[in-house]
Number of protein chains: 2
Amino acid sequence: MGTEKIPDITISRLPIYLRALQRMAEKGLQTTSSQELGELVGVTAAQIRKDISQFGEFGKQGTGYNILFLIAQLREILKVNRIWDMAIIGAGDMGRALARYQGFLDRGFRVLTIFDKDAEKIGDKAGDFIIQDAARMVKKIRQAGIKVAMLTVPVAEAQEVTDQLVQAGVKAILNYAPINLTVPPDIHVQYMDPATHLQWMTYYL
Amino acid sequence: MGTEKIPDITISRLPIYLRALQRMAEKGLQTTSSQELGELVGVTAAQIRKDISQFGEFGKQGTGYNILFLIAQLREILKVNRIWDMAIIGAGDMGRALARYQGFLDRGFRVLTIFDKDAEKIGDKAGDFIIQDAARMVKKIRQAGIKVAMLTVPVAEAQEVTDQLVQAGVKAILNYAPINLTVPPDIHVQYMDPATHLQWMTYYL
DNA sequence: TAGATTGTTAATCGATTAACAATC
DNA sequence: TAGATTGTTAATCGATTAACAATC
């Protein structure tokens with residue numbers, strides 16, 4: 001353990017460990033080992049132990065890790081032992097699919113509102129939400145204190161909307177548009193463009 | 001240049017370079033430099049030059065890279081200078097959104113068919129496609145020679161469907177279900193679970 | 001030519017792995 | 001106790017960066 005800076009690459013693996021542990025918990029398993037967890041997520045046992053031990057001594061020699069305890073620890077480390085409110089920007093097919101997705105709540109997230117600039121869509125339903133006018137987006141996001149957004153607008157609008165989100169106080173953006181966003185250094189972006197992820201694989205085919 | 005094995009991490013950056021170059025080309029730009037491209041995608045100029053030079057000498061001293069030429073080279077390297085047929089498994093909100101997504105074709109992909117096991121859905125339309133019976137999935141995918149699939153089924157079915165996809169000859173899977181898939185070593189999986197990607201960011205908030 | 005920028009080398013930096021004492 | 005598995009150290013491995021000769 002230590003208080004030195006934890007590498008980004010370690011952080012990026014924790015949600016994957018957490019996801020695997022939650023599947024184990026659903027199956028009713030009580031404990032696991034670095035060996036078993038590593039095989040499940042495709043990393044070495046040493047890697048698992050090294051990553052986890054950056055944050056504390058969560059295992060026991062001889063028996064391994066208590067699954068529920070490790071889940072609780074990882075949720076705390078990742079700050080998903082609470083619920084983050086989210087906004088969806090863009091009520092196209094992808095935005096509406098995310099608005100209806102049921103998998104957020106038990107992972108630490110909740111959709112609070114969805115915006116679109118198209119007058120035809122404003123006022124319509126998307127899941128349980130009424131599509132809001134994007135013209136009021138900055139104000140509403142700021143008032144609600146929303147820090148997390150999912151961006152599903154067309155490429156041509158993505159950077160402009162991103163600038164507005166930053167202005168509104170959003171700190172984390174899940175970007176579905178196929179474009180690199182330019183943001184200040186304290187803003188985090190994850191890219192969810194399916195074509196780019198597919199292209200990571202075709203090289204090997 | 002060389003014929004040694006190219007690191008995976010280099011390959012993983014190429015689609016991102018390609019995406020940025022395509023945005024530049026749309027803007028009518030002719031050339032770029034490692035400096036400029038690096039700023040756009042958030043890596044150092046040295047990194048860009050090193051990555052690209054693994055595959056050949058595509059730049060010119062003094063002037064940089066011709067954008068259209070570099071796009072063509074990257075598309076060839078990534079094998080997206082052709083069209084890969086894809087199947088979507090699972091005609092829920094996400095599957096149907098992907099079926100209607102217009103962004104695949106000019107990135108090297110095309111949806112050919114969508115499957116679901118729900119009798120209520122089979123025969124319905126999803127985008128331009130008629131939802132097919134999942135019971136005939138293995139046979140149809142094999143006959144069509146499809147190598148790429150997008151998986152949008154519930155967690156409980158994801159591993160079983162994956163095993164069938166592997167059996168059907170699929171080599172690359174874009175997985176939207178929040179579960180680690182176990183696959184043979186020659187099968188490639190990319191994970192597109194939104195909650196996991198969101199959790200990569202909350203640590204820093 | 002002068003300025004700019006590549007491709008590449010060598011140095012640095014950081015991450016992974018192997019090994020093992022500690023201990024449940 | 002004997003067996004199993006952690007947390008951690010040190011060694012290895014690999015990736016990034018800085019620097020610069022080559023050259024457009």
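Below, chains carry the letters A, B, ... as their sequence lines are ordered, and counting in each starts from 1. Values below: every heavy atom of this structure, side chains too, minus hydrogens, waters and symmetry copies. Just so it is clear, the model here is predicted, and its values are computed rather than measured.
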**Prompt:** Does C:dG7 have OP1 or OP2 sitting under 4.0 Å from an N or O in the side chain of B:R49?
**Reply:** no
**Complete:** 5'-most contact on DNA chain C (nearest-nucleotide basis), B:K60 vs A:T44, goes to B:K60
**Side chain of A:E57 - closest among D:dT8, D:dT23, D:dA15** = D:dT8
**Request:** Compute the centroid of each ring, for A:F104 and then for A:Y101, and state whether the two points are separated by less than 6.0 Å.
**Result:** yes
**Request:** Would you sort out whether B:D93 and A:R96 count as a salt bridge (charged side-chain N to carboxylate O under 4.0 Å, His left out), showing the intermediate values?
**Result:** CA-CA 8 Å; B:D93 289 317; A:R96 291 200 308 273; over 6 Å; no
**Protein-nucleotide distance (A:L37, atom CG; D:dT6, atom C1'), rounded to Å** = 14 Å
**Request:** Have a look at B:S34 and say if it touches a base, only the backbone sugar-phosphate, or nothing, with a 4.0 Å heavy-atom cut-off.
**Result:** sugar-phosphate
**Prompt:** Taking five pairs at each end of the helix from C:dG3-D:dC24 to C:dC24-D:dG3, what angle separates the two helix axes (nearest 10°)?
**Reply:** 20°
**Asked** In whole angstroms, how far is the C1' atom of D:dT6 from the CD atom of A:Q54?
**Response** 15 Å
**Message:** Rounded to whole Å, please give me the gap between CD1 in B:I9 and P in C:dA15.
**Reply:** 10 Å
**Prompt:** Residues in side-chain hydrogen bond (donor to acceptor under 3.5 Å, both in side chains) with A:E160, at least two apart?
**Reply:** none
**Prompt:** B:D8 or A:Q61: which one's nearest nucleotide on DNA chain D is closer to the 5' end?
**Reply:** A:Q61
**Request:** Using a strict cut-off of less than 4.0 Å between a Lys/Arg side-chain nitrogen and an Asp/Glu carboxylate oxygen, indicate whether A:R100 and A:D128 qualify as a salt bridge.
**Result:** no
**Prompt:** Are B:D85 and B:R82 within salt-bridge range, i.e. N to O under 4.0 Å?
**Reply:** no
**Request:** Report the distance from atom CG of B:D51 to atom P of C:dT8, rounded to the nearest whole Å.
**Result:** 13 Å
**Pairing of A:D133 and A:K117 as salt bridge, 4.0 angstrom limit** = no
**Request:** Report the distance from atom CD of B:Q35 to atom C1' of D:dT17, rounded to the nearest whole Å.
**Result:** 13 Å
**Item:** Euclidean distance, atom NZ of residue B:K50 to atom C1' of D:dG14 [Å, nearest integer]
**Value:** 10 Å
**Request:** Decide, yes or no, whether a salt bridge links A:K171 with A:D186 under the criterion of side-chain N to carboxylate O below 4.0 Å.
**Result:** yes
**Asked** For C:dG7, does OP1 or OP2 lie under 4.0 Å from any side-chain N or O of B:Y65?
**Response** yes
**Prompt:** Expressed in angstrom and rounded to an integer, what is the separation of A:Q47 atom CD from D:dG14 atom C1'?
**Reply:** 13 Å
**Fill in**
Per nearest nucleotide of DNA chain C, the residue lying toward the 5' end, A:G62 or B:A46, is B:A46
**Asked** Within the pair A:R13 and C:dT16, is there a side-chain N or O less than 4.0 Å away from OP1 or OP2?
**Response** yes
**Complete:** Rounded to whole Å, NZ of A:K5 lies from P of C:dG14 at a distance of 10 Å
**Item:** Residue A:S53, side-chain heavy atoms: nucleotide from D:dA15, C:dT6, D:dT8 that is nearest
**Value:** D:dT8
